[in-house]
Structure formats: C-alpha cells, structure tokens
Protein chains: 2
Amino acid sequence: MQHITNRHTLRERIVESGLKATHQRIVVYEALMELQGKHPMAEEVFQHLKPANPSISLGTVYKTLDTFAETNLVHKVLSEEGGKRFDANTMAHSHIYCSNTREIIDFEDEELEQLLQEFLQKRNLSNFEIRSFSVQLTGNKLDPEKQISITRVIK
Amino acid sequence: MQHITNRHTLRERIVESGLKATHQRIVVYEALMELQGKHPMAEEVFQHLKPANPSISLGTVYKTLDTFAETNLVHKVLSEEGGKRFDANTMAHSHIYCSNTREIIDFEDEELEQLLQEFLQKRNLSNFEIRSFSVQLTGNKLDPEKQISITRVIK
DNA sequence: TTTACTGCAAAATGTTTGCATAAGG
DNA sequence: CCTTATGCAAACATTTTGCAGTAAA
C-alpha cells in the first residue's frame with residue numbers, strides 16, 4: 001500500500017510526467033493519494049479538496065484527472081456502474097467489485113500478476129501490442145464474523 | 001462464436017430467465033445477437049432495431065438491457081470510456097480494449113479461463129464469494145499487413 | 001514572454017424516473 | 001383480469017466545451 005506523499009514529491013512526479021506543476025494539479029494528485037483505495041470519481045475528488053481549496057473548479061478536476069490518466073500518472077478504473085473512476089495506485093493490481101456494497105476493492109496478488117504476465121508472454125498475440133492487463137473479480141464481500149454472504153444478511 | 005438465433009429460441013430464453021416475452025424484449029435481444037462482438041450501448045441497440053420497429057422507445061431499450069443484465073441473460077461489459085455496454089455472448093471470455101480504435105474485442109481463450117479458474121480455486125479468498133471474473137487487456141491492434149503498431153501508422 | 005492551464009457557464013451526453021396506457025400470461 | 005411492461009417527456013447525472021483571463025516556466 002502506498003502512503004500519503006508530501007507535496008514536494010507529488011510536484012516532482014507531475015513534472016516527470018512532462019506536465020506543468022500547477023497548484024491545482026498538485027492538490028488533485030494529493031486528494032487522489034488521500035483517497036487511495038476509494039477509486040473516486042471527479043466529483044468525489046472535488047468534494048474532498050474543496051474545503052482547503054475553495055477556488056478550484058470542478059471542470060479543472062475533470063481535465064486534470066484526464067490529463068493524469070493520459071500520462072499514466074494515475075490509472076482509470078473500469079466501474080460496473082459506468083462512471084469514470086481514478087486510482088493513484090499505479091502498481092499492477094486487480095480489483096474486486098462487490099455487487100452488494102458497490103465498492104471496488106483492491107486485490108494485490110503478486111502470483112496472479114505473474115501468472116498473467118507469463119501467459120501473455122507465452123501466448124504472444126501477433127496482432128496486438130498489449131500494454132497492460134487487469135483482472136476484474138465480481139462477487140460479494142462476506143460478513144467477517146459469520147463468514148456468510150452479505151447478500152443473505154441484508155435481504 | 002454464437003450465431004444469429006431465431007425469435008422462437010430468443011423467446012424461450014427470455015421466458016427461461018423468468019421474464020415476460022414481450023415483442024420489445026425479443027427484438028432487443030435479437031439486435032444484441034446481431035451486434036455480437038460490437039458491445040453496443042443502449043443507443044446503438046436502439047438505432048439498430050428502430051428501422052424495423054419504429055414504435056419502440058429508447059427508454060424501453062435502456063430498461064430492457066438492465067433487466068437482461070440483472071437476470072444474466074446478457075452481460076454488462078466494462079468500458080474504458082465509461083459508458084454501459086452489453087454483450088449477448090455469455091460464455092466466459094475476456095476483452096481487449098484497443099486504445100486507438102476504442103473497440104472492445106473479444107478474446108476467447110480456454111487456457112486463460114482455466115488458468116484463472118484454478119488460481120481462484122487455489123487462492124480461495126476467505127472474505128469474498130467470487131461469482132465471476134474477467135480479464136481486460138489494453139493495447140493497440142497491429143496493422144495486419146506490416147505487423148507494426150497502428151499508433152505509428154496513424155500518427 | 002510565451003505557452004499552457006484555469007474558471008466559468010453553457011451545452012452535450014448518457015441515463016433514470018413517473019405516470020397514464022397497453023399488452024402478456 | 002391482473003400484473004407487469006411500454007412510451008413519452010421531463011428530470012437528472014455526468015462530462016465536455018469554448019473562451020477570456022491567469023499563472024507557470
């Protein structure tokens with residue numbers, strides 16, 4: 001799990017991505033770091049950083065997130081609900097979508113990544129240049145106490 | 001690859017899913033079959049079936065697709081662009097997203113499915129009940145002639 | 001100083017809703 | 001018949017756009 005990073009480091013990473021390090025970009029990046037694991041949409045990022053930055057506009061948050069995703073500074077996350085979500089964790093990892101809580105939960109598994117890496121290497125698709133891959137698991141979180149499906153608990 | 005199926009069969013499948021087999025549902029299902037591999041959104045399904053069914057409404061197409069996805073008659077497909085796409089092919093398969101053409105291309109690979117199935121069985125997540133999984137590959141289609149990235153061809 | 005970014009507000013896109021009418025079982 | 005689905009139009013939610021002004025390098 002990555003940790004909250006100071007602004008100086010965030011600024012450096014933005015510059016390394018070939019972007020101007022504006023105040024807005026720094027605080028958007030910072031917000032994404034603080035929301036790690038939440039896979040927020042633009043609106044959520046905006047709400048998170050607005051109290052400390054009341055002059056920033058929602059449109060800028062949208063543009064900034066797009067720009068970040070284009071330069072691969074952050075990742076776009078596919079969501080069952082159709083919205084555009086973002087993830088500051090750019091380490092290879094997969095996601096579990098819980099159809100009860102509608103959360104997207106990080107699933108980091110070295111072995112799974114390697115398994116797929118090897119598979120793709122071996123398969124070596126001739127008509128595609130694969131740049132990245134990810135696994136989406138769908139299911140239900142289980143009640144940690146009783147170890148039974150939350151579906152059954154809720155309904 | 002599944003084939004275009006006649007209305008009688010489509011009707012049967014709708015009924016088997018516990019749904020009323022209305023004319024609208026049959027033609028939406030039929031359109032989805034005819035658009036196999038295209039992973040269309042509601043609007044595209046609507047445009048496809050409108051000429052032959054001018055009285056059907058877009059809202060109905062939206063509702064029908066949602067209903068189908070809920071009963072697992074068709075699958076929702078996660079899309080890089082954020083829209084809601086649907087797939088009448090419910091066999092286990094993966095998708096390749098081409099970032100140049102923005103297409104979602106089916107990738108059917110028995111070995112990959114099995115590899116993951118086994119992995120999940122072995123890993124046996126204690127706090128999740130996994131219902132399904134899929135692999136998303138992202139990359140670029142290669143020019144079939146020259147076998148080089150279409151990125152380079154286009155730009 | 002130059003270029004790229006921001007804020008704003010408007011527009012475009014995609015999707016859902018409520019309700020009166022119609023159709024399926 | 002009774003229930004559920006449809007059509008319609010309006011509302012909603014999300015995202016993009018254009019442009020004048022501002023800030024970064």
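Because only heavy atoms are used, hydrogens play no part in the values below, and waters and symmetry mates are left out as well, while side chains stay in. The sequence lines fix the lettering, A, B, ..., with proteins before strands; numbering per chain opens at 1.
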Rounded to whole Å, please give me the gap between [atom1] in [X] and [atom2] in [N].
X     : N      : atom1 : atom2 : answer
B:M41 : D:dT14 : CE    : P     : 16 Å
A:L65 : C:dT6  : CG    : C1'   : 14 Å
A:E81 : C:dT16 : CD    : C1'   : 14 Å
B:I56 : C:dA23 : CD1   : C1'   : 14 Å
A:L58 : C:dC5  : CG    : P     : 18 Å
B:E70 : D:dA5  : CD    : P     : 11 Å
B:Y62 : D:dA5  : OH    : P     : 20 Å
B:K50 : D:dC8  : NZ    : P     : 11 Å

- line: Comparing B:G59 with B:R25, nearest DNA chain D nucleotide closer to 5' gives the residue B:R25

message: Go nucleotide by nucleotide along DNA chain D from the 5' end; which of B:V61 and A:R85 gets its closest nucleotide reached first?
response: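 The residue mapped nearer the 5' terminus is B:V61.
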
- request: Using only heavy-atom distances, determine whether the side chains of B:H75 and B:N89 contain a donor-acceptor pair under 3.5 Å.
  value: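 Absent: no donor and acceptor within the cut-off.
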
query: Are B:E43 and B:Q47 linked by a side-chain donor-acceptor pair shorter than 3.5 Å?
result: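 Yes, side-chain donor-acceptor contact under 3.5 Å.
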
For [X], answer base if it contacts any base atom (sugar-phosphate contacts may also be present), sugar-phosphate if it contacts only those atoms, and nothing otherwise; contact means non-hydrogen atoms under 4.0 Å.
X     : result
A:S55 : sugar-phosphate
B:T22 : sugar-phosphate
B:K63 : base
B:A42 : nothing

query: If you find the nucleotide of DNA chain C closest to B:E43 and the one closest to A:S57, which residue's nucleotide is nearer the 5' end?
result: A:S57

task: Tell me which of B:L19 and A:K20 sits closer to the 5' end of DNA chain C, going by the nucleotide each one is nearest to.
output: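 Closer to the 5' end of DNA chain C: A:K20.
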
task: Quick one: closest heavy-atom pair of B:A69 and B:F86, and the distance?
output: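 Closest approach of B:A69 to B:F86, heavy atoms only: CB-CE2, 4.0 Å.
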
- prompt: Under 3.5 Å, side chain of B:E113 to main-chain N/O of B:E110, donor-acceptor pair present?
  reply: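 No, the answer is negative, given that no donor and acceptor are paired below the 3.5 Å cut-off.
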
message: Does a side-chain N or O of B:K84 approach OP1 or OP2 of C:dT16 to a distance below 4.0 Å, or not?
response: yes

Any B:Q24 side-chain N or O less than 4.0 Å from OP1/OP2 of C:dA23: no

From B:E80 atom CD to B:T138 atom OG1, the distance as rounded to the nearest 0.5 Å: 5.0 Å

